[in-house]
Amino acid sequence: MISKSITLRTFIKLFIFYLVIGLITRIALLFLPITVNHFPVGEYFKIFLFGMVNDFCIMLIAYVFFEIHLLFLSDSKYRRPWGYLIFIILLGILAYLFFFKTIFDEYGSSAPLIAEIFVGLKTFFFGLFLFFPYLRKGVRYAIYCIFFFFYIFLILFNAFAELFFWNEFGVRYNFIAVDYLVYTHEVIGNIFESYPMIPLLTVLFLISLLVTVLFVKKSLKYFKSFMSFKVKLIHTVIYVALLIGAGFMLKFMETQETSDNVFANEIQANGMYKFYKAFENQSLDYETFYAVLPEKQAFEITNQMYHNLSGMQNSKIIQDSLPEIKKNIVLVTVESLSGSYLRHFGNEKNLTPNLDKLADEGIFFTQLFAAGNRTVRGLEALTLCLPPSAGESVIKRTNNGNFFSAGSVLRSKGYTMQFLYGGFGYFDNMKDFYQNNGYQVIDRNSFSKDEITFANIWGVCDEDMFNKTLKIFDLNAETGKPFFAQIMTVSNHRPFTYPDGRIDIPGNAKSRDGGVKYTDYAIGKFMEEAKKHSWFANTVFIFVADHCASSQGKVSLPMDKYHIPAIIYSPDFIQYQEVTKTVSQIDLMPTLFGLLHFSYTSNFYGQDVLKPDYQPRAFAATYQDLGYLKDGVLTVLSPTRKVQQYNVQFDAGYNYPMTESETINQVLKDEAIANYQTSSYLIKDNKQKVQN
């Protein structure tokens, strides 16, 4: 009988293979350059033992599709008259799907096609087995082999995907992997442009084929007869019980990720389970998951820090004694520009000569930290001037319009507001967010063919973006209104391709250094061209990174991986100044408004860092861990109401060595909680919206 034999044997074979691949993957992760793998001996034992338990549970769950397929193998359903009746019903369902409007059509997307293909295949094979019974054994065996091959290929493909993801981010699958699934065009295109995918997939295909042949070559004999209904029922009850047990075991194993080293916990975990948890936790309610204070106390702390008010409010009247200066504002947000790439921060490769020159001529922030590790985090910080939100960025959420923002302040002062991006604005929900907040969005759809000289999967090269920008600014100047333009660059992003002949690193080298140097070249060219235009003399330029090139380290929030450059530049208006205070990305626009002597009612947590009452502090976050840096102490708030503190050294090399504090500074802990708790409350309760 098929039974005890084929179902159990199939699972054992797949589990052994998955276990071996999981073991090899963990060993490989340990020795990748990004991994800090100085663990105690006992930690290695825990990593591999608990890792094996995780893998067993995941394989048990993933096997469910194969299990269902094997359980439904039967000859009795083809007997007369039931076989003909079932076939007629299947034909009727297929006709209904093809010729009538169904629930799948209401759902839209690819759902109708998927339903038609699935039912079509079921109908075809049922008819084949009904009218040609001698084909059943061979075809079933062939389908079994294809199923088996599919599992083997996915196991191998996932292992390679995890290695690539780890090499990029230093973790198993996380919120970024979930997020990127939405943008399959960009992500798949990026992967194919960054790695030799055709040879790699060919090798994986051949290995999967060989493994499948070795495992299934003697399995044909198991397709002669099948389990009785009673045996299938018992088998199903046992399997369902095991599935439930696997689910509980995975949750328990998650509590065993207790190492002080983030890498140890990540290697011990299972990537697919991490992916599921990231998907499940993409929306994190602060009060549900994080340490909280009584609301009154939390608002007292933030009001004292920012607003000098009482109650659950967050507005402050900023009244400048000097007349407002309505200069044009150009905010250039540079993709993945770590501070470590600049000469001013110790880099000796001369990657950023133009930005280094601008830093010598404007206000240069030497201790400014990114709010997060994704582009949307940088845009959120620069636009809303609030601490980063737990879970998904505000930019990616629904109901993301009409926020009090840098844009709403400028709109109230008569500015034309624009967001310019060389890619397609739907990526990361940027177009939706900025349009909903009063910006004109100019993205790749706005480019004519003759305006594009080079493009990759992420968008047009930075030169093309800046050339387009110059034309738009000329049109803006003709209106006589001041304009605010935020430009998001794309070239310093994997696959790091750009036009040849611009810099001394070939455009097809796919080098991160090349991406940095080309973006700097494009910025230098843009500034030289801008000086020839009438609007230049009345314009303030801001150059700041959205986030660093990498955000992973031994701890969850390594501050050297959040250190970014920022420059405010405007000849004849701004004199050179080096700001060495600790500054957050959320402070940049309020500081600019102070330079322009703007008076307005502020809902910002960002501050004017040039004011004497500025309190130096910075925010840094992943999608789960929320950091607050002040007085050399980083307070990290994590789900399950966990709070940790680290002593951060501000050394001359901008490396920011960190050691975990043995005791908790209660004042800084309360300030961290108050900042994140109150800003989360205000967003959730729509109190950060512009009141019309």
Side-chain angles (χ1 to χ4, degrees), residues 260 284 286-316 367-372 381 385-390 555-560 562-563 579-587 590 602-609 611-622 624-651 656-683:
D260 292 333
L284 295 175
Y286 182 88
E287 292 191 358
T288 301
F289 292 98
Y290 294 88
V292 295
L293 296 170
E295 282 188 344
K296 182 180 179 182
Q297 181 185 353
F299 273 95
E300 284 176 353
I301 292 172
T302 54
N303 283 332
Q304 184 179 6
M305 291 183 69
Y306 305 123
H307 306 122
N308 299 321
L309 295 172
S310 60
M312 294 172 62
Q313 308 178 62
N314 71 316
S315 62
K316 175 184 180 181
Q367 303 285 2
L368 188 141
F369 295 91
C385 307
L386 293 173
S389 51
V555 296
S556 63
L557 292 172
M559 293 314 297
D560 62 317
Y562 286 81
H563 178 230
V579 178
T580 59
K581 305 171 187 175
T582 300
V583 177
S584 174
Q585 216 172 13
I586 73 172
D587 299 321
S602 172
N603 288 6
F604 296 144
Y605 282 44
Q607 306 169 70
D608 180 350
V609 306
K611 296 290 187 186
D613 61 349
Y614 170 66
Q615 299 185 41
R617 50 79 194 104
F619 300 92
T622 63
Q624 284 191 345
D625 294 325
L626 308 174
Y628 177 76
L629 177 65
K630 185 177 180 181
D631 297 338
V633 176
L634 175 68
T635 303
V636 180
L637 311 177
S638 303
T640 69
R641 307 193 189 283
K642 182 179 179 182
V643 180
Q644 293 173 284
Q645 287 185 338
Y646 299 85
N647 297 312
V648 182
Q649 298 178 36
F650 284 67
D651 63 4
Y656 306 104
M658 298 170 59
T659 55
E660 187 166 3
S661 303
E662 294 183 1
T663 58
I664 294 292
N665 183 315
Q666 191 63 41
V667 172
L668 295 178
K669 173 186 172 181
D670 288 350
E671 284 188 10
I673 294 171
N675 272 276
Y676 283 109
Q677 181 180 340
T678 57
S679 61
S680 175
Y681 165 81
L682 293 167
I683 291 172

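The line from OH of Tyr306 to OG of Ser602 is 11.0 Å long, rounded to the nearest 0.5 Å. Between the CG atom of Leu682 and the CG atom of Leu386 there is a distance of 8.0 Å, given to the nearest 0.5 Å. The structure places CG of Leu368 at 7.5 Å from CG of Asp587, a figure rounded to the nearest 0.5 Å. Thr635 contributes atom OG1, which lies 10.0 Å from atom CD of Gln666 (distance to the nearest 0.5 angstrom). Between atom OG1 of residue Thr302 and atom CD of residue Gln297 there is a gap of 11.0 Å, rounded to the nearest 0.5 Å. One distance of note links CZ of Phe369 with CG of Leu557; it measures 12.0 Å at 0.5 Å rounding.
In this structure, Lys669 has no salt bridge (Lys or Arg N to Asp or Glu O under 4.0 Å) partners at least two apart in sequence or on a different chain.
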From CA spacing to verdict: side-chain contact (heavy atoms from CB on, under 4.5 Å), Gln607, Met305: CA-CA 10 Å; Gln607 306 169 70; Met305 291 183 69; 5.7 Å; no

With side-chain hydrogen bond (donor to acceptor under 3.5 Å, both in side chains) as the criterion, how do Tyr605 and Thr678 come out once you've worked through the C-alpha distance, each side chain's angles and the decisive distance to 0.1 Å? CA-CA 10 Å; Tyr605 282 44; Thr678 57; 2.7 Å; yes

Does Leu637 form a side-chain contact (heavy atoms from CB on, under 4.5 Å) with Tyr628? I'd like the steps, not just the answer. CA-CA 8 Å; Leu637 311 177; Tyr628 177 76; over 6 Å; no

Give the intermediate values and the outcome of side-chain contact (heavy atoms from CB on, under 4.5 Å) for residues Val292 and Arg641. CA-CA 8 Å; Val292 295; Arg641 307 193 189 283; 4.0 Å; yes

Using side-chain contact (heavy atoms from CB on, under 4.5 Å), reason through Val643 and Val636 one step at a time and then give a plain yes or no. CA-CA 6 Å; Val643 180; Val636 180; over 6 Å; no

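The two residues Tyr562 and Ala620 make their nearest non-hydrogen contact at CD2-CB, 3.7 Å. Here the shortest heavy-atom pairing between Gln645 and Thr663 reads OE1-O, 3.8 Å. Here the closest non-hydrogen pair linking Ala618 and Ser584 is CA-CB, 3.8 Å. Arg617 and Gly606 get closest at one heavy-atom pair: NH2-CA, 4.1 Å. Here the shortest heavy-atom pairing between Phe604 and Pro590 reads CD1-CG, 3.9 Å. Across every non-hydrogen atom of Asp651 and Pro657, the tightest pair is OD2-CD, 3.6 Å.
For the residue pair Tyr656 / Gln367, a side-chain donor-acceptor distance below 3.5 Å is found, with atom types taken as modelled. Ser315 and Asn603 share no donor-acceptor pair across their side chains, judged by distance under 3.5 Å alone. No donor-acceptor contact under 3.5 angstrom links the side chains of Glu671 and Asn675, judged on distance only. Between Gln644 and Glu660, the side chains place a donor N or O and an acceptor N or O closer than 3.5 Å (distance only, hydrogens not considered).
Between the side chain of Gln585 and the main chain of Ala371, a donor-acceptor pair closer than 3.5 Å is present. Using a distance-only test at 3.5 Å, with no hydrogens or angles considered, a donor-acceptor pair links the side chain of Gln677 to the main chain of Leu293.
Residues Gln304 and Gln615 fail the side-chain proximity criterion, which asks for heavy atoms closer than 4.5 Å.
Each of Phe619, Phe289, Tyr290 was scored for a ring-ring contact (aromatic ring centres under 6.0 Å, His included) with Tyr676, with one residue passing: Phe619.
Remark: Lys642 does not engage Asp625 in a salt bridge, criterion side-chain N to carboxylate O under 4.0 Å.
A 6.0 Å sphere centred on CG of Asn647 holds more than 12 heavy atoms belonging to other residues, nucleotides or ligands.
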